[in-house]
*Asks:* 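Structure below; questions to follow.
We're numbering straight along the sequence, starting at 1.
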Amino acid sequence: MSDAEFEGHLQELRRGTVVLASLQLLRTPGYGYGLLQQLASAGFPTDANTLYPLLRRLEKQGCLESEWNTDEARPRKFYRTSETGIRLAKTLTAEVAAIAAATAALREQEM
């Protein structure tokens, strides 16, 4: 397997975790650039070209709410996880835990 193929698999796995991490972090309102920094420091490095479309999609799906802050010289759009997003985050968290447990069980079978 080439390095590019290997990296493609890793990227695919991380994509779903960024959704969950974003929903969790945005329980406290934040804006895109700040979220990029929070994700990176939490171990979810994300490209801006990935994050901003994700935020728009989650907002369209009702998982995020947003409002513009025009108090500063440069207006910024702040996002907050909605009730729908909180329910989704709880469901995704349970699913990630189930996948981790199933993966651990597979590793134990190999021993």
Side-chain angles (χ1 to χ4, degrees):
M1 177 177 291
S2 72
D3 288 346
E5 290 170 324
F6 189 80
E7 186 59 36
H9 285 289
L10 289 176
Q11 186 176 21
E12 192 174 322
L13 179 62
R14 289 183 194 127
R15 191 171 290 131
T17 60
V18 170
V19 169
L20 176 56
S22 296
L23 291 171
Q24 296 287 39
L25 290 169
L26 289 172
R27 287 179 181 223
T28 301
Y31 60 99
Y33 182 74
L35 181 60
L36 278 172
Q37 293 174 324
Q38 287 180 294
L39 287 167
S41 67
F44 300 92
T46 307
D47 185 76
N49 292 329
T50 299
L51 182 63
Y52 289 105
L54 170 70
L55 292 174
R56 287 190 297 273
R57 180 173 55 85
L58 289 172
E59 183 179 19
K60 186 176 180 181
Q61 293 171 345
C63 296
L64 294 177
E65 298 169 346
S66 70
E67 63 182 57
W68 284 95
N69 180 346
T70 57
D71 294 340
E72 299 176 18
R74 184 174 175 210
R76 292 192 279 192
K77 190 174 189 178
F78 278 75
Y79 294 92
R80 180 178 11 92
T81 305
S82 68
E83 288 300 319
T84 299
I86 290 169
R87 285 194 316 273
L88 176 60
K90 286 179 182 178
T91 301
L92 293 175
T93 298
E95 189 65 22
V96 167
I99 290 168
T103 302
L106 288 174
R107 279 196 310 262
E108 289 176 14
Q109 288 178 7
E110 293 175 354
M111 295 179 163

*Asks:* Give the cluster check for L58 versus Y33: same hydrophobic cluster or not, with ILVMFWY residues linked at side-chain heavy-atom distances below 4.5 Å.
*Replies:* yes
*Asks:* S66 side chain to K77 main-chain N or O, any donor-acceptor pair under 3.5 Å?
*Replies:* no
*Asks:* Do V19 and R57 have side chains that get closer than 4.5 Å, going by heavy atoms?
*Replies:* yes
*Asks:* Please check if atom CG in D3 has more than 12 non-hydrogen atoms from other residues, nucleotides or ligands closer than 6.0 Å.
*Replies:* no
*Asks:* Looking at E7, I want to see if its CD is surrounded by more than 12 non-hydrogen atoms of other residues, nucleotides or ligands under 6.0 Å.
*Replies:* yes
*Asks:* Return the minimal non-hydrogen interatomic distance between L35 and S22, and the atom names on each side.
*Replies:* CD2-OG, 3.9 Å
*Asks:* Just wondering, do T50 and V18 contact through their side chains at under 4.5 Å, heavy atoms?
*Replies:* no
*Asks:* Nearest 0.5 Å please: distance from the CG atom of L55 over to the SG atom of C63.
*Replies:* 11.5 Å
*Asks:* Measure the CZ-CD distance between R80 and E59 for me, rounded to the nearest 0.5 Å.
*Replies:* 11.0 Å
*Asks:* Please examine the side chains of L36 and T46, heavy atoms only from C-beta on, and report whether any two atoms are closer than 4.5 Å.
*Replies:* yes
*Asks:* Looking at A48 and P53, what are the two nearest heavy atoms and their distance?
*Replies:* O-CD, 4.0 Å
*Asks:* Enter the distance from L39:CG to R14:CZ here, rounded to the nearest 0.5 Å.
*Replies:* 13.0 Å
*Asks:* So how far is it from F78 CZ to N69 CG, rounded to the nearest 0.5 Å?
*Replies:* 5.0 Å
*Asks:* Taking atom CD1 of I86 and atom CD of Q24, what is their separation to the nearest 0.5 Å?
*Replies:* 9.0 Å
*Asks:* Any side-chain to backbone donor/acceptor pair from T81 onto L64? Under 3.5 Å, distance only.
*Replies:* no
*Asks:* Hydrophobic clusters here meaning ILVMFWY residues chained together by side-chain heavy-atom distances under 4.5 Å, can you tell me if L26 and V96 are in one?
*Replies:* yes
*Asks:* Check for me, please, whether L106 and I99 land in the same ILVMFWY cluster - side-chain distances under 4.5 Å, paths through other members count.
*Replies:* no
*Asks:* Could you grab the distance from atom CG of L25 to atom CG of L20, nearest 0.5 Å is fine?
*Replies:* 9.0 Å
